[in-house]
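What follows is a set of notes on a single structure, which appears directly below.
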Amino acid sequence: MTPRGTRADEDAEDLDVEEVLALVNEDNGHHTPGDHVPPPTPHATGPDQPDRHTSDRHTSNRHTSDRHTSNQRASDRHQTDRAAKPDQSTSDRHHKATPWPEAREIAARAAVAARATGRAPVSVPLDAALGLALAAPLTALTDLPSFDTSAMDGWAIAGPGPWAVREGGVLAGHAEPEPLTDGEAVRIATGARIPPDTTAVLRSEHGRTDTKGQLHATREVQQGQDIRPRGQECRSGDHLLAVGTLVTPAVLGLAAAAGYDTLSAVPRPRVEVLVLGDELLTKGLPHGGLIRDALGPMLPPWLRALGAEVTAVRRLGDDAKALHKALTTSRADLVVTTGGTAAGPVDHVHPTLRRIGAELLVDSVKVRPGHPMLLARLKEHQHLVGLPGNPLAAVSGLLTLAEPLLRTLAARPAPEPYTLPLRDAAHGHPYDTRLIPVVLRGDHAVPLHYHGPAMLRGMAAADAVAVVPPGGIRAGQEAELLDLPWALAGIEVCFT
Ligand SMILES: Nc1nc2c(c(=O)[nH]1)N[C@H]1C(S)=C(S)[C@@H](COP(=O)(O)OP(=O)(O)OC[C@H]3O[C@@H](n4cnc5c(N)ncnc54)[C@H](O)[C@@H]3O)O[C@H]1N2
Ligand code: MOO
């Protein structure tokens with residue numbers, strides 16, 4: 001929604017005065033000749049500045065780093081500058097910005113409330129249940145195995161050998177065979193029912209028949225060997241899986257084996273995507289100031305990988321009326337907008353939310369890129385995530401707000417947090433969390449270049465995203481990592 005020519009390039013985020021100062025402080029004055037460092041100017045943040053360092057809930061060793069301390073000094077200096085010349089509008093925006101970890105918690109909590117009141121479990125055929133969370137425990141509907149089963153191809157035998165071999169044989173799927181008598185054997189296949197009074201199964205490679213047709217064991221036979229007794233894995237009524245278990249391919253297999261045709265599951269949250277911006281093309285090359293829409297193709301599969309059912313992707317241009325109508329008529333659990341979150345002349349998201357009386361739960365986040373992202377409650381069970389238009393900023397909004405919200409609505413388990421050392425240093429923002437695409441190489445994460453807010457080049461090559469706390473991370477220092485939904489499983493099996 002950026003009217004052409006009205007706004008400076010946001011990639012200049014990397015030249016933000018706060019950050020340049022932080023880098024200066026990190027270097028402790030060791031500049032190479034010709035370094036250009038802008039002089040301190042009146043700072044663009046609000047009077048809550050000193051609290052920022054303590055309000056972020058990253059690991060404590062990061063907070064106590066030298067870098068942090070030097071940033072604190074930079075912050076103190078900014079405080080003085082601000083006192084001399086406050087900027088009210090930007091001050092307000094920074095003042096209300098939510099720390100990154102807290103924004104994620106607010107998104108998850110909003111979904112807990114919506115899920116508790118608004119989302120009944122559904123009964124889903126097995127072939128449609130992949131990726132859903134179980135809404136009822138999986139309880140065995142049968143014994144498994146449901147009959148005594150041969151574990152091997154060979155002979156069912158009764159008593160000590162040699163054995164007289166009965167005519168015919170028993171195959172998997174046959175009805176219950178006639179009982180054996182002592183000294184008798186019958187050919188049997190893996191998975192076939194064990195005849196009553198069988199004492200063991202002799203594998204085909206462990207038996208030989210003599211010229212009179214008598215069967216001899218070529219090694220010692222143990223009572224019950226290679227018989228899978230009925231109920232070995234579970235008895236009918238046994239609890240197999242808990243409520244909330246993610247339905248994976250293996251869960252589908254177990255459910256089928258245990259007798260299920262349908263599963264009671266938490267439905268996928270329905271998500272509608274509204275792509276805003278008159279400047280967007282859906283095909284061909286950029287021309288005449290128009291650019292390709294990168295978010296329309298990227299968001300639906302990403303949202304599906306996060307557990308959503310994408311019910312519609314609509315391109316609304318920069319049309320406040322159309323946005324108002326779309327928001328007031330949507331029946332989705334979550335509306336995701338792209339662009340229009342800032343305060344430009346055609347940024348209609350905030351005015352429209354005000355107009356419809358939506359409650360802003362998060363109104364900008366202390367994260368780079370993507371700080372103008374927002375979360376609003378439209379109705380009791382309906383939320384809106386406003387993603388900034390810059391493509392990597394939109395990814396940041398997905399990871400920060402949409403992921404915890406959708407995961408919680410879908411009742412999926414939270415991923416286990418994990419860290420890896422960064423191979424190279426990652427510069428941080430002085431006050432905000434920074435999200436940087438990384439590739440995983442051995443036991444290190446390697447930060448990628450091309451992570452400006454308008455760029456997807458780094459993210460498209462990434463395995464994960466590193467969470468860089470205020471002040472940055474030194475080479476070799478551990479960084480929290482967020483997995484991308486396809487990185488571990490591969491795109492075809494990320495349960496979309
Ligand atoms: N005066 C200020 N201007 C801006 C601020 C600020 O704090 N003060 N924040 C900047 C930041 S940070 C971001 S991020 C953007 C967020 O802007 P919007 O959410 O209003 O997004 P737009 O202005 O509509 O677009 C921004 C940028 O992204 C391009 N875009 C939009 N949609 C798409 C899409 N679907 N595919 C590809 N590219 C898209 C759009 O053309 C713009 O270039 O605001 C800054 N401004
Ligand atoms: O710089 Mo904005 O942070 O592009 O999201």
Side-chain angles (χ1 to χ4, degrees), residues 1-19 43-46 87-97 100 103 273-283 286-300 302 313-320 323 336-353 363-375 384-401 429 431-436 450-460 468:
M1 283 212 193
T2 309
R4 285 188 283 285
T6 60
R7 200 181 273 170
D9 181 358
E10 284 84 16
D11 295 355
E13 183 204 38
D14 285 324
L15 298 176
D16 178 317
V17 172
E18 298 163 335
E19 296 194 63
H43 196 258
T45 52
D87 171 341
Q88 194 52 50
S89 62
T90 46
S91 157
D92 286 350
R93 199 172 54 244
H94 279 259
H95 187 71
K96 71 192 173 196
W100 182 78
V273 178
L274 306 179
V275 178
L276 313 181
D278 281 346
E279 73 276 31
L280 302 175
L281 297 167
T282 53
K283 60 179 188 205
H287 60 86
L290 304 175
I291 60 164
R292 282 290 296 271
D293 167 22
L295 300 178
M298 180 177 81
L299 291 181
W302 200 314
V313 179
R314 303 172 60 198
R315 291 182 166 77
L316 301 185
D318 287 323
D319 182 340
L323 179 60
V336 173
T337 57
T338 68
T341 57
V346 290
D347 288 337
H348 298 306
V349 175
H350 278 102
T352 307
L353 290 176
D363 190 7
S364 82
V365 177
K366 292 177 184 174
V367 67
R368 305 295 165 129
H371 67 89
M373 67 180 71
L374 60 90
L375 169 65
L384 176 141
V385 167
L387 300 176
N390 278 322
L392 193 64
V395 169
S396 175
L398 270 183
L399 298 174
T400 304
L401 298 174
H429 186 274
Y431 317 116
D432 294 355
T433 300
R434 171 164 271 189
L435 301 179
I436 296 184
Y450 301 106
H451 55 70
M455 300 177 184
L456 287 175
R457 187 169 164 185
M459 184 56 72
V468 179

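Keep in mind that this is a model prediction, so the values were computed, not measured. Counting convention: from 1, in listed order, for ligands and their atoms alike.
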Regarding ligand 2, does Gly370 bring an N or O atom to under 3.5 Å of one of the ligand's N or O atoms?
yes

Which pair of non-hydrogen atoms, one from Gly296 and one from Arg315, has the smallest distance, and what is that distance?
CA-NH2, 3.5 Å

Measuring from Asp432:CG to His371:NE2, what's the distance to the nearest 0.5 Å?
7.5 Å

If you count the atoms of ligand 1 from 1 in the order shown, which ones are under 4.0 Å from a heavy atom of Asn390?
13 (C), 14 (S), 15 (C), 26 (C), 27 (C), 28 (O)

Pro391 near ligand 1 by a heavy-atom separation under 4.0 Å
yes

Please could you name the atoms of ligand 2 that Asn390 approaches to less than 4.0 Å, counting only its heavy atoms?
4 (O)

Nearest heavy-atom approach of Thr341 to Pro388 is OG1-CA, 3.6 Å

Can you see whether His350 engages Asp363 through a side-chain donor-acceptor pair at a distance of less than 3.5 angstrom?
yes

Distance in Å, Thr400 OG1 paired with Leu375 CG, rounded so as to fall on 0.5 Å steps
11.5 Å

Is a side-chain donor or acceptor of Asn390 paired with a backbone partner of Leu392 at a separation under 3.5 angstrom?
no

Among Thr341, Val349, Asp318, which residue places a heavy atom closest to atom 16 (C) of ligand 1?
Thr341

Working to the nearest 0.5 angstrom, can you tell me the gap between Leu401 CG and Trp100 CH2?
10.5 Å

Could you give the distance from NE2 (His429) to CZ (Arg368), rounded to the nearest 0.5 Å?
3.5 Å

Numbering the atoms of ligand 2 from 1, which are under 4.0 Å from a heavy atom of His371?
3 (O), 5 (O)

Once you round to the nearest 0.5 Å, how far does CG of Leu374 lie from CG of Leu387?
8.5 Å

Take every heavy atom of Arg292, measure it against each atom of ligand 1, and state whether any distance is under 4.0 Å.
yes

Using a 4.0 Å cutoff against the non-hydrogen atoms of Asp347, which atoms of ligand 1 qualify?
20 (O), 23 (O)

Between Pro388 and ligand 2, which part of the residue brings a heavy atom under 4.0 Å of the ligand: side chain, backbone, both or neither?
neither

So, regarding Arg368 and ligand 2 (criterion: nitrogen or oxygen to nitrogen or oxygen, under 3.5 Å), is there a contact or not?
no

Any N or O on Asp293 sitting closer than 3.5 Å to an N or O of ligand 1?
yes

Return yes if some donor-acceptor pair links the side-chain N/O of Ser396 with the main-chain N/O of Pro369 below 3.5 Å, else return no.
yes

Report the part of Ala393 in contact with ligand 1, treating N, CA, C, O as backbone and CB onward as side chain, heavy atoms under 4.0 Å; options are side chain, backbone, both, neither.
side chain

Quick check: Ala294 and ligand 1, any N/O pair under 3.5 Å apart?
yes

Per-atom contacts, ligand 1 versus His371 - under 4.0 Å to a heavy atom
7 (O), 12 (S)

Compute the shortest N/O to N/O distance between Pro372 and ligand 1 and return yes if it is under 3.5 Å, no if not.
no

By number and element, which atoms of ligand 1 are closer than 4.0 Å to a non-hydrogen atom of Ile291?
37 (C), 38 (N), 39 (C), 41 (O)

Nearest 0.5 angstrom please: Arg292 CZ to Leu280 CG, how far?
10.5 Å

Can a non-hydrogen atom of Gly370 be found less than 4.0 Å from any atom of ligand 1?
no

Is it true that a side-chain atom of Asp278 and a backbone atom of Asp318 form a donor plus acceptor pair closer than 3.5 Å?
yes

Checking side chain to side chain contact (heavy atoms under 4.5 Å, CB included) against Leu276, which of Leu323, Leu295, Val346 comes through?
Leu323

For Pro388, the atoms of ligand 1 under 4.0 Å from one of its heavy atoms are 14 (S), 16 (C), 19 (O)

Atoms of ligand 2 under 4.0 Å from any heavy atom of Pro369, numbered from 1 in the order shown, are 3 (O), 5 (O)

Which atoms from ligand 1 have a heavy atom of Glu279 less than 4.0 Å away?
31 (C), 40 (C), 41 (O)

Atoms in ligand 2 with a heavy atom of Ala393 nearer than 4.0 Å:
4 (O), 5 (O)

Closer than 4.0 Å to some heavy atom of Ala342 - which atoms of ligand 1 meet that?
17 (O), 18 (P), 19 (O), 20 (O), 44 (O)

